[in-house]
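Down below is the structure, laid out as structure tokens.
Order of the sequence lines sets the chain letters (A, B, ...), proteins ahead of strands, with each chain counted from 1.
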Number of protein chains: 2
Amino acid sequence: MNSSFILEEEPVGQQSVVDYKKNQKQRKVLAHLYTQGTCTLANLAHLLHNSVPSVTGLVDELIQTQWVTAIGTAIGNNGRRPVLFGLNTKHHYVAVIDVSTHDTKILFMDTQRKVVFRGDYDLRLADNFSFLSSLIQYFTNALTDSGINAEKLVAVGISMPGLIDSRRGLNLTYKNLNHTNNSITGWLSDQINKPVYLINDTKATVLGESRFGGAQGKKQVLAINIDWGVGLGIIVNGEVFQGASGFAGELGHIQVDPEGELCRCGKIGCLDTITSALALVRRVQRDILAGQVSKLATFKDQIDQIGIDELINAAHQGDSYAIDILHEAGFQLGKGLALAINLFNPEIIIIDGVLTNAADFILSTIEQAISKYCLSDFRNDLTIELTQLNGTAKWLGTHAYVMEDIFANY
Amino acid sequence: MNSSFILEEEPVGQQSVVDYKKNQKQRKVLAHLYTQGTCTLANLAHLLHNSVPSVTGLVDELIQTQWVTAIGTAIGNNGRRPVLFGLNTKHHYVAVIDVSTHDTKILFMDTQRKVVFRGDYDLRLADNFSFLSSLIQYFTNALTDSGINAEKLVAVGISMPGLIDSRRGLNLTYKNLNHTNNSITGWLSDQINKPVYLINDTKATVLGESRFGGAQGKKQVLAINIDWGVGLGIIVNGEVFQGASGFAGELGHIQVDPEGELCRCGKIGCLDTITSALALVRRVQRDILAGQVSKLATFKDQIDQIGIDELINAAHQGDSYAIDILHEAGFQLGKGLALAINLFNPEIIIIDGVLTNAADFILSTIEQAISKYCLSDFRNDLTIELTQLNGTAKWLGTHAYVMEDIFANY
DNA sequence: AGTCATTTTTAAAAAAATTAAAAAACTATT
DNA sequence: AATAGTTTTTTAATTTTTTTAAAAATGACT
């Protein structure tokens, strides 16, 4: 190989080697400020292995580009109080689009993750092209409604369920969203003239938990997201684990019952067919119609009224049928989690999704199942926690996914 | 937090900030030379984002410390041929100790992974203290026999089966090897006065495959190691995946048959009890004693003579019972692998261990099972290969584990 | 108000990296 | 065999970056 050729090729992308190094450091500063919130110059100097005057220069430039601003001064010190720097919240915004099979939410967030605009829309994820064109419609309207200067919007992050290839911007579960010559992100990006990121909803959730929730600072994290499906988000060495094509963590489609139901994925007896919210509701509806004794039997003539919330409510009211169903779901979930624990050896598992409201009923059986199906050495360093983020983990994670990529390529 | 205190604390370990940066680069050089073999100055300059004169200085220092040496000159170029630099093979050696439940091997390898001495010993891994003292005995003898100057031995790497906490140097499966006040590595290190590293045998295997075998350059790798147990080695983002405590990849102890046999781990119906070499041999012995028609029936009066090799031989000779057994084992293995594929979404799976000789019989059923139990999207980017390293993957991986840590902390 | 502690700025000094030119090593051509 | 053409390596001057150390600024406490 001709190496002088390599040397000539190096300052690619209009960037000299010198700029490259400076940027490397500025990226670190931005990423650090993003997760830490604020920071003194001395902190940053330590982080970068540089002296304070050097770091002052780097930060000054970031202030010029409006990314960073002085936030105030630290308190409590004896001498002169250091200036705290943080991300400038007034000049760069990110849109987070939360797509699910029952609705769509569009949020505009500042660099400190404050939601400056929120719109909820009755748009359901559907496997056809009109979904994306509707989404663009809602998005452009939301942008005007938000009052944010379009110039200041730096990127759009979309979280949705399915087998998502983030790198290529494809959704392999909802294949009709992908364009023949273009990806979902490519097409959307062309339409709205902004970089568009696509991330699986469960991966967004675990990223949110990892950066801003109960899993903060942990390196090996699992987050189980029980919703219409069962999703497993994985953090490995502090980063979202995508796998080769972006599909890592498909716990919902491992076979747990060879004689089970047909899953929408085409396989038989997937975990999804047993412990997802959708599966639970269907089972309850069947049982009630078949004459099961339960408080839920009042819905017998309007069976569609039974949803996951009704099931959980009944359990909270002491309905033993509802409790049994949830116990059983927890146990099966724990059995599935045990597999993931054996393979990933996580330090923390976060429980998220609609079943968090049923924590009283599922947590203990999840733990029972894990005890039964995992070697004890795996349990010693493992904690299992409920999400503390009140359903915002997915948004925070999508935001983090976008911002961290922006910083990585600043 | 008092940040001037931090600044004062920084040049810890007798190393100034300046040295820190130089070392950062020298580490990269060493790590690069280790995997690449040789390299020109221009290559290294490109790698480090530095000019050739700068890199020349760094390399000169590494030559002073005997880590690097000029290997020769590249051929084929038009002008002056660049000097190729590589790791000096004459001044630093690493001992690799390969411990298993049926024997122990001690190897001394140079920095280019050439085996300069090999000793095979009839020492079996046993859960008692005398095992370690015997090991030390063999090791010191081997060191003298090898003729290597003890000064030049930089570290010792030990691979063994079990739940291994590499960071702490413990083996949780063979708990009596751990000392009450000291770890395995701590104790051995005190005895032989060298840094000692401990790594799980399957993780060593996958690391070997990743650095020097069929998985070279791949980021997401699974290596299945079928031996007396079933081990799964995992490479995530190009690095060995350890999990929180070092136990990641315990595929052998996931339950596959709720009505199965009692496993030595205490659980019921683990994959180990079905597809490990040990389990297969036991099953064959039982079947033969029970009157199974097979070529192996000639061993009926000396049933202990049936080992895994005899089973594989019989299959190669067309014995349909042996073939059935191997087919079945392959299918069960594939079923287990399917779980790991759903969770890890690897780009390549390497098959290693004693069953590689039975590849003709197991590979197709492994693939069948994967097709049956995995979503097709997972299979598209996935290749399944046999090891090409002829049983050396474990040694190469142990070596790499040691060397990469040495370089990381140079 | 004055002292002490700490951060920030400044400017001089030191270190490191780059550039560009010269030298060296090799090929191919005449 | 000499020479022109290529490429790598070395050298030294130049530039850039970084650090050091001192001065200035800010705030707490007495």
Base dA25(C) to side chain Arg81(B), donor-acceptor N/O within 3.5 Å cut-off
no
Can you tell me the distance, in whole Å, between the NZ atom of Lys22(B) and the C1' atom of dT18(D)?
15 Å
Taking atom C1' of dT30(D) as reference, at what distance in whole Å does atom CG of Asn78(A) sit?
12 Å
Atom pair distance, as rounded to whole Å: CD1 in Ile75(A) and P in dT6(C):
16 Å
Using modelled atom types only, decide if a donor and an acceptor are shared between the side chain of Ser166(B) and the backbone of Leu198(B) within a distance under 3.5 Å.
yes
Ion pair present between Glu209(A) and Lys218(A), side-chain N to carboxylate O less than 4.0 angstrom?
no
Length of the CG-P vector between Leu41(B) and dT7(D), whole Å
17 Å
Please determine if a side-chain N or O atom of Asn50(A) lies less than 4.0 Å away from the OP1 or OP2 oxygen of dT19(D).
yes
Partners meeting side-chain hydrogen bond (donor to acceptor under 3.5 Å, both in side chains) with Tyr34(B) (sequence neighbours left out)
His399(B)
Considering only dT8(C), dT9(D), dA17(C), which nucleotide approaches the side chain of Ser54(B) most closely?
dA17(C)
DNA chain D: 5'-proximal contact among Phe85(B) and Ser51(A) (nearest heavy atom)
Phe85(B)
Salt bridge between Glu404(A) and Lys28(A), side-chain N to carboxylate O under 4.0 Å?
no
Result for 5'-nearest mapping on DNA chain D, choosing between Gly79(B) and Leu84(B), is Gly79(B)
Grab the CG-C1' distance between Asp60(A) and dT8(C) for me, whole Å please.
11 Å
Rounded off to whole Å, could you give me the CD-to-C1' distance for the Glu61(B) and dA15(C) pair?
14 Å
Between dA16(C) atom P and Asn23(B) atom CG, what is the distance in whole Å?
12 Å
Check for me whether the distance between the ring centres of Trp67(B) and His91(B) falls short of 6.0 Å.
no
Kindly say if Lys25(A) contacts the phosphate of dT17(D), meaning a side-chain N or O under 4.0 Å from OP1 or OP2.
no
Sugar-phosphate, base or nothing in reach of Thr73(A), heavy atoms under 4.0 Å
nothing
Can you find a donor-acceptor N/O pair under 3.5 angstrom joining the side chain of Arg80(A) to the base of dT7(C)?
yes
Nearest whole Å is fine: how far is dT7(C) C1' from His46(A) NE2?
17 Å
